[in-house]
Amino acid sequence: MLCGVQKQVLRAQGCRAAPVRANAVVRRLRHVVSAAAVAERPAAPANPYRQPAGQGLGFYTGEDGYIYCDNLKVDDIRQQVQESPFYLYSRDRIASNYAAYQAALAGLDSIIGYAIKANNNLKIVQLLQSLGSGAVLVSGNELKLAIAAGFDASRCIFNGNGKLPWELELAAEAGCLVNVDSEFDFANIAAAAKKVNKRVKVLLRINPDVDPQVHAYVSTGLASSKFGIRNSHLQWFLDAIKAEPMIELVGVHSHLGSTITKVNIFSVCVRV
């Protein structure tokens with residue numbers, strides 16, 4: 001559910017992008033990637049799905065045979081709910097997962113962004129905002145929800161290769177970070193910035209051509225993907241940004257895919 005960790009590692013300098021402490025950043029990111037695999041988390045039992053009744057975290061089966069959500073029996077909750085089916089979430093599990101990301105990224109200037117498309121339940125969105133999360137957005141309506149939930153728009157990242165003009169105008173007005181996904185996307189972002197008379201901070205979505213080793217339908221980092229900018233086209237974007245006073249390049253972005261289970265894949269992306 002927690003997605004879209006962003007790091008600003010490039011800045012516009014002339015018509016080219018110059019690394020900002022590139023070697024140090026890469027070393028730090030490699031350390032974070034390694035730490036992510038071993039980051040200390042709240043004490044968890046060997047089998048998280050079988051825990052002491054009323055004392056566990058998230059959803060689990062107690063030794064009494066009942067299913068629990070945190071310290072409450074799911075059956076007791078069910079009897080208090082007037083309508084069924086209903087959705088039940090573990091506040092403590094969400095908070096624990098968020099804390100694990102914070103621990104893994106400690107010391108790194110970063111934004112932990114919750115992908116609102118994963119679950120736009122207002123209570124969950126508000127919980128993550130209260131924990132300090134940023135937001136990753138793929139639509140104007142998600143941006144409206146993020147603002148309603150109290151998110152700082154400057155810590156929101158607007159993604160997608162099909163952003164509509166009105167959505168980009170809303171993002172520009174609010175002060176969101178916006179990922180540039182293509183030539184026409186850049187043109188629409190620049191037009192939106194001019195229309196609302198607001199300078200827009202952008203990141204270039206780089207396609208590193210790295211195999212995330214996941215199902216083809218959720219793989220987005222290969223050269224064959226419809227997402228992102230190929231290395232061969234980077235200079236065009238750098239020149240275009242230099243020529244556009246309403247656009248400010250603040251970093252790069254990359255998304256390799258979903259359901260990635262191997263941490264070393266991110267190391268490969270950082271090296272690329």
Is it the case that atom CD1 in I77 sees more than 12 heavy atoms from other parts of the structure closer than 6.0 Å?
yes

Does a side-chain heavy-atom distance below 4.5 Å link I116 with V136?
no

Give a yes or no on whether the backbone of L108 and the side-chain of S110 come within a donor-acceptor separation of less than 3.5 Å.
yes

For the side chain of E63 and the backbone of A53, is there at least one donor-acceptor N/O pair under 3.5 Å apart?
yes

Hey, is the main chain of L164 close enough, under 3.5 Å, to the side chain of N188 for a donor-acceptor pair?
no

With a 3.5 Å distance limit and no angle check, can you tell me whether R199 reaches the backbone of N197 through a side-chain donor-acceptor pair?
no

Does any N or O in the side chain of Y114 come within less than 3.5 Å of the main-chain N or O of N119, such that one atom is a donor and the other an acceptor?
yes

Donor-acceptor pair, S258 side chain versus V218 backbone, under 3.5 Å?
no

Take atom CZ of F86 as the centre, draw a 6.0 Å sphere, and report whether it contains more than 12 heavy atoms from other residues, nucleotides or ligands.
yes

Pairing of K163 and D185 as salt bridge, 4.0 angstrom limit
yes

Step by step, work out the side chain to side chain contact (heavy atoms under 4.5 Å, CB included) result for V125 and F151.
CA-CA 9 Å; V125 174; F151 280 88; 3.2 Å; yes

Over all atoms of both residues, closest heavy-atom pair of L131 and Q102
O-NE2, 4.0 Å

Determine whether more than 12 heavy atoms belonging to other residues, nucleotides or ligands lie under 6.0 Å from atom OH of Y66.
no

Residue pair Y60, Y68: steps toward the ring pair (Phe, Tyr, Trp, His ring centres under 6.0 Å) verdict
CA-CA 5 Å; Y60 61 93; Y68 284 78; 5.5 Å; yes

Counting N and O atoms only, with roles assigned by atom type, does the side chain of D70 sit under 3.5 Å from a partner on the main chain of G58, one being a donor and the other an acceptor?
yes

Given 3.5 Å as the limit, does a donor-acceptor pair link the side chain of Q51 with the main chain of L57, or not?
yes

Counting distance only, does the side-chain N/O of R155 pair as donor-acceptor with the main-chain N or O of G132 below 3.5 Å?
yes

In terms of hydrophobic clustering (I, L, V, M, F, W, Y; side-chain heavy atoms under 4.5 Å; direct or indirect links), are L128 and I147 co-clustered?
yes

Please determine, by modelled atom types, if Q80 and D76 share a side-chain donor-acceptor pair under 3.5 angstrom.
no

Side-chain heavy atoms of L88 within contact of R78, under 4.5 Å:
no

R91 atom CZ, over 12 foreign heavy atoms within 6.0 Å:
no

Do Y87 and L145 belong to the same hydrophobic cluster, where Ile, Leu, Val, Met, Phe, Trp and Tyr are linked whenever their side-chain heavy atoms lie under 4.5 Å apart, directly or via other members?
yes

Would the distance check show the side chain of E248 and the main-chain N or O of V200 forming a donor-acceptor pair, the cut-off being under 3.5 Å?
no

So does E173 pair up with K198, basic N to acidic O under 4.0 Å?
yes

Side-chain heavy-atom pair L168, I189 within 4.5 angstrom cut-off
yes

Donor on one side chain, acceptor on other, D152 and S154, under 3.5 Å:
yes

Carboxylate-amine/guanidinium contact K242 D239, below 4.0 Å:
no

Distance, nearest 0.5 Å, that separates NE2 of H253 from CG of L203
8.0 Å

